[in-house]
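Right, one structure below, let's go through it.
Bear in mind the structure is a predicted one, so any value in this text is a computation, not a measurement. Counting starts at 1 for both ligands and their atoms, following the listed order.
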Amino acid sequence: MKLFFTKKKWSEYRESLTGPLGFVPTMGALHAGHLKLVHEARNNNDFVAVSIFVNPKQFNNTEDLINYPNTLEQDILVLSQAGVDAVFLPSSSEVYPENDTFITVVPGKSAEGLEGAFRPGHFEGVVNVVDRLFEWIHPHNAYFGQKDLQQCLVIQEFASEKHPNLKIVTVPTEREKNGLAMSSRNLRLSEEGRNRAAVIFEVISKMKDSTADYDWAIEYLKQYEIETEYLTNIEISLNTDTGLMTKAWVFAGYLEGIRLIDNVLYN
Ligand code: PAF
């Protein structure tokens, strides 16, 4: 597995590749959810590239950025074992050089509300870094986890305009045995917290099958010391391996001071 730290070295390598390239952008602290994206990319492309870059511009909260887990050595090891061909590890000044000529991308309508409302500036940060990565990596297929549902919708929307030849593939959420959606942030929960957090998936799965009002759900989550930020159902249009999904229950909230999100998709 090759490691690239600069765009220049990467583009020399990129020019040498002839077949389809699958790309998995990440911020490191890799878990089984990321590996599922990598496997999906591995099964459907001749080459697989992963980027690891903790993008400061998408953190609306400095503390969250400072506390973002860093497991780089382990990440490189698991990626090489997963059959990845190349890892792109740019520095901040590679991604955001002083004389920046990149035109700022403005996220579309799907960035409104939910994460867009509670994390101002977050999706601006995401689309702008992803736009650069798409431009440099130049993949045929790019893979995103459905746990970050609104991110999938925002990227699908912006990429259809700016990168029309690139296929955005969304991959179902990988879960712990107890149902907790895998997330790099779970590393910051205590063991007890990780057990309690399982109730989030339990609740949103029940919401899917009921039309009852959801005050009970918020109270129920509170009993597990989970403070809900939002819990709602939304209309979506998301391409998945099981077809187009048109509805979702989405959750965001806090446990042990850690912000957790999850969703269930349905038609
Ligand atoms: O989902 C993530 O880890 C990030 O938002 C991404 C897509 C790598 C952009 O920094």
Side-chain angles (χ1 to χ4, degrees), residues 4 7 10 22-38 40-41 48-62 64-65 67-72 74-76 78-79 84 86-92 94-96 102 104-108 110-111 114-116 118-137 139 141-159 162-163 166-174 181-188 238 250 252 258-263:
F4 296 93
K7 303 185 286 270
W10 167 265
F23 173 47
V24 182
T26 81
M27 299 203 298
L30 303 181
H31 50 68
H34 294 109
L35 292 181
K36 197 166 170 177
L37 305 182
V38 168
E40 194 64 32
V48 176
V50 173
S51 64
I52 299 180
F53 176 64
V54 182
N55 175 31
K57 299 213 184 214
Q58 71 186 73
F59 287 82
N60 54 313
N61 175 333
T62 334
D64 198 21
L65 172 61
N67 289 322
Y68 203 81
N70 178 332
T71 57
L72 190 56
Q74 178 66 13
D75 292 350
I76 306 260
V78 294
L79 291 177
V84 167
V87 185
F88 184 52
L89 297 144
S91 64
S92 238
E94 269 297 306
V95 178
Y96 302 113
F102 251 88
T104 306
V105 187
V106 180
S110 45
L114 306 175
E115 296 300 286
F118 283 96
R119 303 184 65 191
H122 171 65
F123 287 125
E124 282 76 2
V126 169
V127 287
N128 281 287
V129 79
V130 169
D131 185 40
R132 287 164 193 236
L133 291 168
F134 283 173
E135 205 69 44
W136 298 325
I137 302 292
N141 300 298
Y143 297 80
F144 293 87
Q146 289 166 12
K147 198 212 84 181
D148 295 304
L149 172 63
Q150 199 179 4
Q151 170 169 281
C152 290
L153 297 168
V154 168
I155 287 171
Q156 207 178 247
E157 189 182 6
F158 113 89
K162 270 215 83 183
H163 303 271
L166 167 63
K167 182 167 173 215
I168 304 296
V169 183
T170 73
V171 178
T173 304
E174 183 75 3
M182 297 234 178
S183 162
S184 306
R185 288 197 169 82
N186 295 352
L187 288 174
R188 290 166 60 201
L238 186 78
V250 288
I258 309 302
R259 192 167 185 279
L260 301 172
I261 61 171
D262 200 358
N263 64 77

Under 3.5 Å: N/O of Q58 near N/O of ligand 1:
yes
Test side-chain contact (heavy atoms from CB on, under 4.5 Å), reference T26, set L37, V87, V50, output is V50
Return the closest protein heavy atom for atom 3 (O) of ligand 1 as residue, atom name and distance.
M27 CG, 3.7 Å
Where is the nearest protein heavy atom to atom 1 (O) of ligand 1: which residue, which atom, and how far?
Q151 NE2, 2.8 Å
Okay, side chain of H34, backbone of H31: is any donor-acceptor separation there less than 3.5 Å?
yes
Pair N55, Y96: side-chain N/O donor-acceptor within cut-off below 3.5 Å:
yes
Is it true that a side-chain atom of W10 and a backbone atom of W136 form a donor plus acceptor pair closer than 3.5 Å?
yes
For V129, atoms of ligand 1 separated by under 4.0 Å from a heavy atom
9 (C), 10 (O)
Under a 3.5 Å distance rule, please check whether S184 uses its side chain to pair with a backbone N or O of A29 as donor and acceptor.
yes
May I ask you to identify, for T26, whether its side chain, its backbone, both or neither come under 4.0 Å of ligand 1 on a heavy-atom basis?
backbone
